[in-house]
Amino acid sequence: MLSDTIVAIATPPGEGGVAVVRMSGPQASSCLKRVFRARTPVEEMESHKLYLGRVVDSSEKTLDRALAVIMRAPRSFTGEEVVEIQGHGGRAVVELIVRACLEAGARLAHPGEFTQRAFLNGRLDLAQAESVADLIRARSAAAAGVASGNLEGRLSRKVTSLRGTVLDWMSLLEAEIDFGDEIDELEPADHRTRLSGILSEVEELLRGGQAGRRLFNGLVTVLVGPPNAGKSTFLNLVLGTDRALVTPVAGTTRDRLEEDCSLEGVPLRLIDTAGLRAETDDEIEKLGMERSRKAVEEADLVVVILDQSQEFPSDLELGSKTRPLLILNKADLGRKLAAKEVGDRLGAIDSISVSLIDSQDHDRVLAFLAAHAQERVGETVGRFSLNDRHLEALVRCREALHRVGEAIDQGMSVEFLCLDLRAAAQALGEIVGIDVNEEVLDRIFSTFCLGK
Amino acid sequence: MIVTSDVIVIGAGHAGCEAALAAARLGSRVVVLTASLHHIARMPCNPSIGGPAKAHLVKEVDALGGAMAEAIDATHIHIRMLNTRKGPAVHSLRAQADRPVYSNRVAEILLNQRGVEVHQDMAAEILHKDGRAVGVRAQSGIVYRAPAVVVTTGTFLKGRLHMGEVAVDGGRSGEPAAIGLSDSLASLGLSLGRLKTGTTPRLHRDSIDWEKMTEQKPSDEPLVFSELSELKLPQRQLSCYLTYTSLETKRIILENLERSPMYIGIIEGTGPRYCPSIEDKMVRFGDKDTHQVFVEPEGFDIPEVYLQGVSTSLPIDVQHRVVRSIPGLERAEIMRPGYAVEYDFVLPTQLRHTLEVSRLRGLFLAGQINGTSGYEEAAAQGLLAGLNAALRSGGGEPVTLGRDQGYLGVLIDDLVSKGTSEPYRMHTSRAEYRLLLRQDNADLRLTPWGRELGLVNESRWNSFCRKKEAVECEILRLEERRVGQDEAEGLSEALGENIRPGLSLTEVLRRPKVDLGPIRAWEGLEPLETRVGQQVEIQVKYEGYIKRQKMEVDRCAKLEHKRLPDDLNYASMVAVSAEAREKLQARRPGTVGQASRIPGISPSDISALLVYLKHRESQSA
């Protein structure tokens, strides 16, 4: 059933220096033979070596000069025979090469089909296959590092070992039930010790994975401050564009703006809020401010920007839990606010005084933000990430473990503990594909893009 | 000479008896062949029935109209409930049988069953034609003809008994082995394996110093296996006793290991891990200085006493020294030494879930021949094999039981999907839906199914319906009855609990320390029949867990029951590992669930298989 050969463009759309067309399947090299002319005949090409030649169509017309490489089965990403043709960039030419491959007998791949084949051929486990999709979507170097941590099986190893711990405990309980006469029973205290050990590992996985997840989706960074304090200027500085409309009229930024960017390897999702003012008659602005408050609550990082030449805005409220970064802008216009006093009042973790219209301050303020973003993301290098599916399974595992705790507290006998321990082990098993679940398979392979 | 019937059962052990009885209940004419008319339903090992998971099987056999439960209820000398400190799902009834009396009781049921003829004859060859079983040729020369044959030969196939350096052919102590039938099965193309099991020395009651051991009294509450048995205390019961092996025991055994046929390689068959010989225990658990020994009488009127935990094949002189090194047995006399038996079994992966041999329609196997150990495991398989033989013989389709329906379903699926490399014993941990498969609800799970198939007679069915209705009525009543404002105080006092007004009685009963009896007493109602009351309590108290487990069954059902089409070409599935492809091609499991349990088939093989199936569906759509 997997006897056909698939083809797709493997490089992202758009003009680039090089474009790669990838084929996988038993006829990959025979397709290459029909579209590629080089000094070395295709059947004599060595595996994993590049050969220079011409790509031709069925009428032997040259389409492009290109490099071709054959990766013979099973030493390839998919485990099948894989051929890559590296041509010059240029959409039209690349599409002609794909068409030539199609005419030579390949068929167009579905999204994720290369990875799916790698999975089917046992080259990757489920978590690894998923992390390929994550790797493709990764938007920054740090995020890519985390995704490749998954690809190397870091997540799989941790989860597999945790599942083993759960199963070990279960096997002791099972023995108690079936060989009650011959076996010493565990005390409730033993159960609690084991449970809390496992729970804290699950919590750690969740925490570590969520840090990795931040790297994926971007650290949600919310800009807050009174109108015209310079939020949009700051935003544009970080983004390096004129995305936000900047005028000297207070309240220009009515709705929140969201922008993704990467600052020194940390992906940020910057959200510029409508200014937080307690009173306004403008209905639309009211709505905007409501949304701003919500954004602050859910943010990973809150940046407060104030105009230090003005009085402290009396209506600025962040809520007691928020610990923002403080940027005191417009240093050139004189100081009415003292950094220490305002910082204490807002519960700020750090502050900086700048003048954003002065380009000499730009590097300072960017470094300030970058340092805190790095810290927030934490020691994520060498970590793994959790996607929605992992997260859901881990949370389900944690719930099951909490039920085990309740059962211990209620003095339920061990077979009831086993019920929820089994559910916990199952949730972990789903993450690494030990417990097979059809929906999971579908979800995983539908998140891929073409050519991977 | 030719004898014709609908079903032939070879063997009259626990599997054979239930097989013959089940087929006969469906109206089949059954011929049972046994090497001796006096050896029906014998208990060559521990004369005990029940225990964790095994009791569950006995209750399931009973729920389907079998004889085992009723027979043990009538003939035991000691009964108690195990695991009582745990929840109802693992409560397990265990009884010591009066060994000869039990066998006689089952023989009586078998011999009196309408439609069953028992012949003393040794089966020598399975007769078949065009891929169908057609009968059996016996050593007597008689040809027995029937479209369905059930083979339940226990440990008799090429049986060989070992005791120290001495080895003789035999199926059990003092009984000849069945030599020819093994070759007949092999000539059908069936692969056979070799297993070993053992038994312990039997001691004379009067030579034992009971004072030195811990007495284990039987239950002082009425306990029975069968739904049809009357719940009453037996007139008389005997105690069992507990003692321990000594350091001296350990020394004697370790010094004489080279005289154990197990350890010098004379025995090739694999022994049961869960019932190890005393030699095995000393070697494998070398850090343990003592092991438990249960001293159990074998009957009211016979002097034999069984030594549970001292199964051995050491030479008789060593057995004497071993026994006498155990406190309380210093002067014990061995009436019959322990021995090991090695025997052929048919690799059960060659069977369908109906217990029919895949390659020969009409041939069914049940009991130890399938690699199991234990009377209960044998009886349960026998019942299903007999039922299916009757269905096959009558032109109907054989039936199967799922893992969520009974321990019998688990047992058969384990054997057929996973196979076994040691004598297979049932444990509750083998059942993933243990909280649903309780011994207390075996009838609720299986009796309606049995009734539909014709296994359950009118009187059992009526009694079942009465019980079921009474349970449902009471649960409904408790749900609807709420504690009134003026009642809360009185009820709180009656139960010793703080009960708020407005609670339903179900909510009250769900509290850990509350029983149904005091609630009904407070209401001024008579106590319910014990079985009904217990069932109500269990269903109400564990409702949350039971519901969750049912949801789990539903969640897994999709994959469990996903059909694998007969025309799948596994060999072409390059993405499935070579080992898995080979096994799938050879076994052709019916569902994804069954495939997933075949050893050597990994989760990623199953994932790949699913993606193939999806691919195939989308192509044919």
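Convention: sequence-line order gives letters A, B, ...; per-chain numbering from 1.
E552(B) touches chain A through its side chain: at least one heavy atom from C-beta onward sits under 4.5 Å away, while N, CA, C and O do not. Contacts of Y433(B) with chain A are absent, with no heavy-atom separation under 4.5 Å from either backbone or side chain. In this structure, the portions of A407(A) lying under 4.5 Å from any heavy atom of chain B include both its backbone and its side chain.
Annotation: the span from L82(B) atom CG to I177(A) atom CD1 amounts to 13.0 Å, rounded to 0.5 Å. The CG atom of D178(A) lies 10.0 Å from the CE atom of M426(B); values are rounded to the nearest 0.5 Å. Within the model, atoms OG of S429(B) and CZ of R422(A) stand 8.5 Å from one another, a figure rounded to the nearest 0.5 Å. Summarising the geometry, atom CG belonging to D420(A) is positioned 4.0 Å from atom CZ belonging to R548(B); distances are rounded to the nearest 0.5 Å.
Here R434(B) pairs with E174(A) in a salt bridge; the nearest charged N to carboxylate O distance falls below 4.0 Å.
When the shell of 6.0 Å around CD of E582(B) is examined, it contains 12 or fewer heavy atoms from other residues, nucleotides or ligands. Heavy-atom neighbours of R85(B) CZ from other residues, nucleotides or ligands within 6.0 Å: at or below the threshold of 12. Residue R75(A) places its CZ atom among 12 or fewer non-hydrogen atoms of other residues, nucleotides or ligands, all under 6.0 Å distant.
For the options M170(A), E415(A), Q410(A), M412(A), heavy-atom pairs under 4.5 Å to chain B are most numerous at E415(A).
The two residues S413(A) and G87(B) make their nearest non-hydrogen contact at OG-N, 2.8 Å.
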